[in-house]
Amino acid sequence: MISVGAWLAAHDDLDRLDRDVLLERAAGLSRAQILTRPEAALEAGAAERLNAWAGRRRSGEPLAYILGSREFWSLELTVSPAVLVPRPETELLVEVGLEFMDGRAGQTIAALELGTGSGAVAIALAREARFRAVDLRLTATDVSPAALQIAAANARHHHTAIDFRHSDWWQEVRGRFALILSNPPYVRDADVHLDALQHEPRLALAGGADGLNAIRTIIAGAAARLETGGLLALEHGWDQAGAVQKLLEAAGFRHVASRADLAGVDRVTVGYLAAS
Ligand code: GLN
């Protein structure tokens, strides 16, 4: 029999917050119980589960995969190794989408998310649109059928109607949209950072030699799918804002600008399609 306090001490190489979350989930304890009753004994089953989870966490597996879920925009989302773990900085993409909806209550807006993964961005936007009485018609794509399954389950769970399409970027996309968003893979193939992300799908992370392959593909096809005056919003790496701005300007986009995430890093770059 091991106590809560002894288990915490035995795994003190792991982040305290991670240990607390694992304890909450494996032993059904509240934060307060963990803090105030370290002498409480863990049941054998819970201790066994905890040790297995601690081992996975130690090997670098994201907590979200161990628990099978992750919070994004205050929404609990199911995740698996088939999808990128939703990141806090990606909430900026949602904010940019919300600003686009500002002042459009009662209107219908066709929107597209390319490479939806867990569905995080599309689902957050669909929920927010409802609160704002915007009739947002969302299409979301992914090249991974396994990711689409997760996204569709998340969308159902959060009572949102999203038209999911299996598509390699623009391949199966039809029609025109007022708003197109994407958090594409943008990490450079040789980036050492990729090793630390080995548990997540490389497809969702690696963006070629300069990290901009997917971004170039998206920008190249966007004009054909955007309505006049429509907005394209792209998440990118910490040092890619200048390059993405240039690509957008070269493709004829107007009012190109970058937006900083909560860490102060230029993380999303937007451009508007002008009348040709
Ligand atoms: N922000 C992620 C990371 O660097 C990358 C996500 C992506 O490539 N879209 O951990």
Side-chain angles (χ1 to χ4, degrees), residues 15 17-18 57 59-67 69-73 77 79-97 112-125 140-144 146-148 150-151 154 167-170 180-222 232-245 247-248 258-271:
D15 197 72
L17 185 61
D18 287 2
R57 186 71 197 98
S59 76
E61 188 172 343
L63 195 62
Y65 290 160
I66 298 171
L67 301 175
S69 68
R70 169 73 173 223
E71 196 179 290
F72 178 85
W73 201 265
L77 297 172
V79 297
S80 83
V83 300
L84 193 76
V85 176
R87 310 275 203 275
E89 62 265 29
T90 301
E91 294 190 342
L92 179 58
L93 206 49
V94 177
E95 276 165 34
V96 167
L112 170 70
E113 190 200 1
L114 293 169
T116 193
S118 65
V121 170
I123 294 166
L125 284 172
T141 72
D142 209 284
V143 71
S144 155
L148 282 176
I150 301 239
N154 280 324
S167 180
D168 186 358
W169 301 124
W170 299 109
I180 299 178
L181 315 99
S182 185
N183 170 22
Y186 53 69
V187 181
R188 291 176 183 80
D189 285 350
D191 194 328
V192 289
H193 188 58
L194 271 184
D195 292 342
L197 303 173
Q198 56 176 322
H199 291 271
E200 294 183 87
R202 200 181 155 84
L203 189 66
L205 287 164
D210 65 357
L212 296 169
N213 282 0
I215 287 175
R216 270 189 290 267
T217 300
I218 292 170
I219 292 175
L232 175 63
L234 297 168
E235 180 176 321
H236 50 68
W238 63 277
D239 59 350
Q240 292 171 335
V244 176
Q245 287 178 11
L247 287 168
L248 283 167
S258 297
R259 297 276 305 268
D261 62 18
L262 289 174
V265 174
D266 277 342
R267 183 59 71 185
V268 169
T269 295
V270 302

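Ligands are counted one by one from 1 in listed order, and the atoms in each one are counted from 1 as well.
- Counting heavy atoms from C-beta outward, Ser118 and Asn154 have side chains that approach closer than 4.5 Å.
- The distance from ligand 1 to the heavy atoms of Ala204 drops below 4.0 Å at these ligand atoms: 7 (C), 8 (O), 9 (N).
- Listed by number with element, the atoms of ligand 1 under 4.0 Å from a non-hydrogen atom of Glu89 are 1 (N).
- At distances below 3.5 Å, at least one donor-acceptor pair connects side-chain atoms of Glu200 with backbone N or O atoms of Val85.
- For atom 8 (O) of ligand 1, the nearest protein heavy atom (residue, atom name, distance) is Tyr186 N, 3.2 Å.
- At a threshold of 4.5 Å between non-hydrogen side-chain atoms, the residues Val79 and Ile150 do not count as touching.
- Atoms of ligand 1 found under 4.0 Å from any heavy atom of Pro185, numbered from 1 in the order shown, are 8 (O).
- Ligand 1 lies nowhere less than 4.0 angstrom from a heavy atom belonging to Gly207.
- Annotation: side chain of Ile218 is in contact with side chain of Leu232 (closest heavy-atom distance under 4.5 Å).
- At a threshold of 4.5 Å between non-hydrogen side-chain atoms, the residues Trp73 and Leu125 do not count as touching.
- Between Leu84 and ligand 1, no pair of N/O atoms sits closer than 3.5 Å.
- Using a 4.5 Å cut-off on side-chain heavy atoms (C-beta onward), Leu262 and Pro88 make no contact.
- For atom 4 (O) of ligand 1, the nearest non-hydrogen atom from the set His193, Arg267, Glu235 belongs to His193.
- For Leu197, every heavy-atom contact with ligand 1 shorter than 4.0 Å involves the side chain, none the backbone.
- In this structure, the protein non-hydrogen atom closest to atom 10 (O) of ligand 1 is Arg87 NH2, 3.1 Å.
- Every atom of ligand 1 is numbered from 1 in the order shown, and the set under 4.0 Å from a heavy atom of Pro184 is 7 (C), 8 (O), 9 (N).
- Looking at Arg188, its side chain never comes within 3.5 Å of a backbone N or O of Tyr186 through a donor-acceptor pair.
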